[in-house]
Amino acid sequence: MEGRLVLLGGGSSGVSTTESAVLSKVEVVSEACSYPAESELELGLGLSLGGGGGSTGNTKAANSSWGECGRILTAKDFPSVVSHRTNNGGSSSVAVSGTKRAAETESVSHDSGSPTGVSQVVGWPPIRAYRMNSLVNQAKAQRGDELESGIGEKDKPKDALKKKLDYNGKQTSSATVNEKAYLGFVKVNMDGIPIGRKVDLNAHSSYEGLAQALEDMFLRSANSAEKEPLTMASKLLDGSSEFVLTYEDKEGDWMLVGDVPWRMFVGSVRRLRIMRTSEANGLAPRFNESNDRQRSKPI
Amino acid sequence: MAFSLPDEVLEHVFSFIQSDKDRNAVSMVCKPWYEIERWCRRKIFIGNCYAVSPRIVIRRFPEVRSIELKGKPHFADFNLVPDGWGGYVLPWIAEMAGAYPWLEEIRLKRMVVTDECLELIAKSFKNFKVLVLFSCEGFSTDGLAAIAASCTNLRELDLRESDVDDLGGHWLSHFPETYTSLVSLNISCLGSDEVSLSALERLVGRCTNLRTLRLNRAVPLDKIANILGRAPQLVDFGTGTYGADLQLEVFSNLAGAFSSCKELRSLSGFWDVVPAYLPAIYPAFSRLTSLNLSYATIQSPDLIKLLRHCPSLQRLLVLDYIEDSGLEALASSCKDLEELRVFPSDPFGVEPNVSLTEQGLVSVCLACPKLQSVLYFCRRMSNMALVTIAQNRPNLTRFRLCIIEPRTADYLTLEPLDVGFGAIVEHCKDLRRLSLSGLLTDRVFEYIGRYAKKLEMLSVAFAGESDLGLHHVLSGCESLRKLEIRDCPFGDKALLANAAKLETMRSLWMSSCSVSFGACKLLGQKMPRLNVEVIDESGPPDSRPDSCPVDKLYIYRSVAGPRFDMPPFVCTMDEDSALPVS
């Protein structure tokens, strides 16, 4: 049994048609239910021992040395699962925050020769989180109107965002107060792990990307906290083998992540919590239904 | 028989010696001087809070009034250091509470400060005057309320770029009505929408010595005139939101307020700018020496108009909306410019969203004779441009270039940028700080090692080809204090060969490089005065083979031994045994 992060609903927001075809290669369980646009998406923590992918330069040396140490599958291994910002279909630049060895994603894209633009490498370009948040907040403030009316719309391409910034002068600051309070980095706590982390919601454009980043962050840290080697990961998460991702919104209510369109979520989230399934009862009536479905699934 | 001056005379002489370096030199002349000097040292700077312990400091310097501490490594700014790494100031405050009851100033950078710390400060130091929390985190406005309520002699409260849990503006009302000594207040980082405007206005009104006031975004534009009206003596002002629907009355009030601030020399803030309101400040612009527009989404034409009014500008921070054309205007208007920082408006964009290239930087460097400090984000660069800059601006002391896409070659020749950066270090003989980017081979490090003799801090990313690169830097840069490296193919050989050099530096950071666990263990065992800390979030290193590369490595000299406040993902490679101490 492996540790899983379960997202409920809303998983399809931001996923284009080509991507959804690829999605079928990933473990996806979608079942008929009374909520039309919903599918359950399970992103598993896969352990692949024996070295990394083909990349050159420093990262290759690093990868082969890591051969004995195990490697965590990143979203890179599931091409196009995560919406990427690049215009061409070359190797995807994955939006990850807090993922190690993200540099290998970057060098792979260089090898292929296709210019993918700036990859979402952790901490690059070197801009303080404070500054990033501030810029993003202003962009959100300007998009405030758009957000109010755009419930259910897909993720816009980056250009739209840029345009908003470019024509700032023509905008009045009729920004909603709510936008200003939002920061790009939100705190994430996982049940059982004393040390919280922060994740940059602006580095992701969909729930899949966020879930992947959180898995990378926490399901590996959980191992180290217990001081057991990586290969024993599955045992540790045995008892409560499933975690659920929840968030606190601006009103202080705790909700399941994935119910609303991504943009709405990003605009209203205050902080995140990876909660034990057993504790998440009563969060929403729908959850109990879903819980039953999961338990009956073969693993 | 030695002729010696009485202690009081020596002490008086020493009181004119302020710099730490000179003070340290004085203390090494002879034992009596060491003793006198340590009793009269009032100001301490500790660049790495783990390099020494509070106890050691207090034992040597019993009468300190002012302390400055730095915690996390610089790359923590870019989220390369996981939460919980360390940098806690509480142990320091706790010890100083007992030992330095007359402590007046605490300045912290990249440290974890809790409300408990702030409350302890508030109640322990009766004559507390200055609190600067630069890029700190872990505290809330409740802690600030404690400071406000108790520190009746407080002069300076500066929270620049800190991550504060802002529970609303009521903490400002905790300054008693009788409190009037505030000189500097920087709350620009506070994120709540709530701000107690009336408390703020009253505070500003009664503190007639106020010189610096930097507001946060929650303060609306139409309140600025009122606030400035109460503090016409301000020298440094940071606006809150600088945008609103255009109203004539608001505009004219603003213009009036700004023109009566005759002492104003520095402006910042400018969130949510509506350019139509900028002319309200034009009268004040002519006296400005420092302008921070790096949060202002103002386009190039408006910027050009604005800069024409700022002939005295010495320092400009701006977004790349300024474009090459704006930088040319800057070059012709601001001949006193000493520092320029250009930040990217869209750092993750695939295509450039603005017309800003290396040309903008070149035009400023050619035309501004006093330019010393540059921080520049752009998307393309050439060796030719860098050589031009180097030859024309040999007085550069800080040069930080970030070409946004890693490993970008010279766009004209497709060659590495080794020669360009080589020219920078060769011509700019007083260069103290350098950040590299673009496509770089070991060659650039050869140049750096050979020429950059005054270099104190070097930041390297996605550069180099082999250990030789690192070896050049460690063996050649005599003044090097801080070296931070990420994603470079540097491994064990250069590090182990230059182990002794590491004791002459404050710290070395290496992440996503090729240094092995075995090398770290060896280094930790052989160098007892270095703390070799391995940061690895995927598990404790003692389960790994020695050949495994380390994820993140932080090495620093210390007289305090390994630290004991490390989280599970940080391990010190110790001399005690083959097993690391964690």
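We name chains A, B, ... by the order of the sequence lines, and we start the count at 1 in each one. Just so it is clear, the values below take in all heavy atoms, side chains as well, and ignore hydrogens, waters and symmetry mates. As the structure is a prediction and not an experimental result, all values here were calculated from the model.
Salt-bridge annotation for B:Asp77 and B:Arg110: present, with a side-chain N of the basic residue lying under 4.0 Å from a carboxylate O of the acidic one.
Without hydrogens or angle criteria, B:Asp467 side chain to B:Gly491 main chain gives a donor-acceptor distance under 3.5 Å.
The contact between B:Leu319 and chain A is made entirely by side chain atoms (from C-beta outward), counting heavy-atom distances below 4.5 Å. Only the side chain of B:Phe377 has a heavy atom closer than 4.5 Å to any heavy atom of chain A. The contact between B:Ser294 and chain A is made by backbone and side chain atoms together, counting heavy-atom distances below 4.5 Å. Contacts of B:Ser188 with chain A are made by both backbone and side-chain atoms, with heavy-atom separations under 4.5 Å.
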Fill in: Working for side chain to side chain contact (heavy atoms under 4.5 Å, CB included), residues B:Cys378 and B:Leu401
CA-CA 8 Å; B:Cys378 60; B:Leu401 180 68; 4.1 Å; yes
Practice prompt. For side chain to side chain contact (heavy atoms under 4.5 Å, CB included), just list the numbers for B:Asp272 and B:Val274, CA-CA rounded to whole Å, side-chain angles, deciding distance to a tenth of an Å, and then say yes or no.
Written response: CA-CA 7 Å; B:Asp272 314 308; B:Val274 167; over 6 Å; no
